[in-house]
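One structure is given here, and the rest of the page talks about it.
Naming: A, B, ... by sequence-line order, numbering from 1 per chain.
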Protein chains: 2
Amino acid sequence: MISDDIVRASSSRAPEAGPAASALALLAHQPGLSIRMLAVGVGLSHAGTVRLVDRLATEGLIERREHSSDGRTRALYLTPTGKIASDEVLASRDEVIAEGLSILKPDELKILCDMAERVLRDRLENLEHSYRICRLCCYEGCTNCPIDAELHERGVERGKSGDG
Amino acid sequence: MISDDIVRASSSRAPEAGPAASALALLAHQPGLSIRMLAVGVGLSHAGTVRLVDRLATEGLIERREHSSDGRTRALYLTPTGKIASDEVLASRDEVIAEGLSILKPDELKILCDMAERVLRDRLENLEHSYRICRLCCYEGCTNCPIDAELHERGVERGKSGDG
DNA sequence: CGTCTATATGTGCGCGGGGCATAGACAGCA
DNA sequence: TGCTGTCTATGCCCCGCGCACATATAGACG
């Protein structure tokens, strides 16, 4: 009901266009991702993701490297500049969230986090979906990531192609 | 922290591109809106909103009427077809929300709604902002809309140009 | 009433993003 | 070696949007 307005309250102040920020944040989580995985994560087609990577590479934010074993795959990594940009994106996002929830008391935040965690674990569909969910997570603050925990409980590890 | 993931969990399954759906839902709330107000609501420029209205009018979803007192302003109204489309958008959105929160118990939902209401009232900045927040609300389910209540407490009524 | 300003809508033009179809490079297998 | 599937990259095009401008109207003032 009303709860989705909190969605809009924060998403309407989103830091940037979306795909670019998502890509940076996602690569901050999972360095060495392939373009294919990144495309799934940011919700774009392969072609669109290639252009996105082109732009970000032109801006010096990410770089393509050769994959160790597979000659086709390009492993994507953040450059130091890209890491800074990614941090800024996540920081601004955190600021919006914190600002939006500033009226809640600490114990209420705890309740909210608990509910959110259970919702996430319940809604998690498969491994590809997990990339989408986590694309704008704060990696440092996500040491006990519920998504990772849920994946672990299901016997799935990230980085493998165990799609469901 | 984690709470913003609930954002993504629902927004990643959004019904449509965004502006179009927002416009329909917003016009379902506030028939007779001007293009300017609609532009603020959906977060587009005037020009972009004009094109959006053009498209929706071409599809027979909304119609432009003459304003009663102001000859410049065009009052936008949903056609019956547009009303159906708007209902579908809101229904699919509700479905996503309900599905996402299905794991929560009723009392938890109540707590969540209470927190969301306070967050919204706290984050409400001005009247224009209220249009953005409410653009995808469920009008029927929002009989005691916290935004309206907050606006009322501040002595502001919708439909007037009392920008802050 | 004439004029000037502010407001609201509509339009020409260009840019950027993204998808579809295709080409090139490479892994795995018979 | 040749075939097939996969991954990446590119040509082409459409769509959506913003900027600047034009048009129409309301309101204020002399």
With rounding to the nearest 0.5 angstrom, report the OG to CD distance, B/S102 to B/E95. 11.0 Å

Nucleotides 9-15 of chain D: protein proximity per nucleotide (B base, S sugar-phosphate only, - neither; heavy atom, under 4.0 Å): BBBB---

Nearest whole angstrom, please: distance from the P of D/dC7 to the CG of A/L76. 14 Å

Any ion pair linking A/D87 and A/K83 (charged N to carboxylate O, less than 4.0 Å)? yes

Tell me which pairs pass side-chain hydrogen bond (donor to acceptor under 3.5 Å, both in side chains) where either residue lies in residues 49-61 of chain A, with sequence neighbours left out. A/D54-A/R64

Hey, which sits more toward the 5' end of DNA chain C by its nearest nucleotide, A/L52 or A/G71? A/L52

Compare side-chain N and O positions of A/R72 against OP1 and OP2 of D/dT8 and report whether any pair is under 4.0 Å apart. no

Gap between atoms CZ and P, on A/R36 and D/dG5 respectively (whole Å): 15 Å

Can you measure B/L44 atom CG to C/dT9 atom C1' for me and round it to whole angstrom units? 15 Å

Ion pair present between B/R72 and B/D70, side-chain N to carboxylate O less than 4.0 angstrom? yes

If the threshold is 4.0 Å, N to carboxylate O, is there a salt bridge linking A/E63 and A/R65? yes

Specify the separation, in whole Å, of atom CG of B/L38 and atom C1' of C/dA8. 14 Å

Note: B/S86 and B/L78 closest approach over all heavy atoms is CB-CD1, 4.1 Å

Given DNA chain C, 5'-ward residue of the pair A/S69 and A/G43, judged by closest heavy atom: A/G43

For atom NE2 of B/H67 and atom P of C/dG10, their distance in whole Å: 14 Å

